[in-house]
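Below is one structure, written out as structure tokens; comments come after it.
Atoms within a ligand are numbered from 1 in the order they appear, just like the ligands themselves. Start at 1 with the first residue, then count along the sequence.
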Amino acid sequence: MKYYVMTLFPEMVRQGLNTSIIGRAINRGLLSLECMDIRAYTTEKHGHVDDYPYGGGAGMVMQAQPVYDCYQDICRRTESAKKPRVIYLTPQGKTFEQKMAVEFAEEETLIFLCGHYEGIDERVLEMIVTDNVSIGDYVLTGGELAAMVMIDSISRNISGVLNNDISAETESFSDGLLEYPQYTRPEVFMEKRVPEVLLSGHHANIRQWRREQSIKRTCERRPDLLDKAVLDKKELELCKKYLPIS
Ligand code: ADE
């Protein structure tokens, strides 16, 4: 996977992604990350990349020219015949979710476009953007944190990025349910014991207990997810027990 991030703050994105699991995946060559400084492409002699909005109103708008030229430079570098998807981070986009992370992970190249101020001149967005994506219903000061969230979440679905690929499959959301609780040593912490079944070594019982815990958690914390979860008859009965009475 090759990521390109078009931004006014390339250092922020570079720094944010070069630690831990994603940093290691970059060092191992499983991913590449190029943070492109939009300001470097302006033809304006003072280095400005924004201007007042036509029609008036508060704030500044990022100009089309540096964004377009930055995009063209990325296109020159990518050899593949297919035009890469360009994701514009905006609260007006489709809300990012696990299914999208899995789908984006299939791409060879992804370009992220981060806006600032009151946004970007609509004309260049019409010309280059293929996907408008939001990371939730709140407003950030720029698209960088949203791009970083997406890159983190997409990358962990790329083979080899996580130490054990199984953990991407058994965790929250992979089957439409939240993950079961986890425990590690010691067996007793401040008089609280690890659930007995986990010490039993009985794999079928452990699997069943975990499945029930997943269902319980989902009922209690995110009942909205149950619509899409695949549950058998017995499990649907369990939900009745755990769902908060509304
Ligand atoms: N830019 C500003 N707010 C955002 C959000 N919620 N998601 C994605 N990009 C944004």
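Under 4.0 angstrom from ligand 1, the non-hydrogen atoms of Ser134 come from both its backbone and its side chain. Looking at Asp137 against ligand 1, nothing comes within 4.0 Å, counting heavy atoms. Only the backbone of Val133 comes within 4.0 Å of ligand 1, judged by heavy-atom distances.
For atom 10 (C) of ligand 1, the closest non-hydrogen atom on the protein side is Pro91 CD, 3.6 Å. The protein non-hydrogen atom at the shortest distance from atom 6 (N) of ligand 1 is Tyr138 O, 2.7 Å. Given atom 3 (N) of ligand 1, the protein heavy atom at minimum distance is Leu140 N, 3.0 Å.
Considering backbone and side-chain atoms alike, Ile135 places an N or O below 3.5 Å from some N or O of ligand 1. Looking at Gly136 next to ligand 1, an N or O pair under 3.5 Å apart turns up.
Residue Ile215 holds its CD1 atom at 5.5 Å from CG of Leu238, rounded to the nearest 0.5 Å. Put simply, CZ on Phe112 and OG1 on Thr7 are 12.5 Å apart, with the number rounded to the nearest 0.5 Å.
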Stepwise side chain to side chain donor-acceptor pair (under 3.5 Å) check, Tyr242 with Glu212: CA-CA 10 Å; Tyr242 291 126; Glu212 180 164 341; 2.9 Å; yes
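A donor-acceptor contact under 3.5 angstrom links the side chains of Asp73 and Tyr41, judged on distance only.
Which parts of ligand 1 touch Ala146 is read off a 4.0 Å heavy-atom cut-off, strictly below it: atoms 8 (C), 9 (N).
Tyr138 is connected to Val133 through a chain of hydrophobic side-chain contacts under 4.5 Å among Ile, Leu, Val, Met, Phe, Trp and Tyr, so both are in one cluster.
Applying the salt bridge (charged side-chain N to carboxylate O under 4.0 Å, His left out) rule to pairs touching residues 33-48 yields Glu34-Arg77, sequence neighbours excluded.
Annotation: side-chain contact (heavy atoms from CB on, under 4.5 Å) contacts of Ser32 (sequence neighbours excluded): Lys2.
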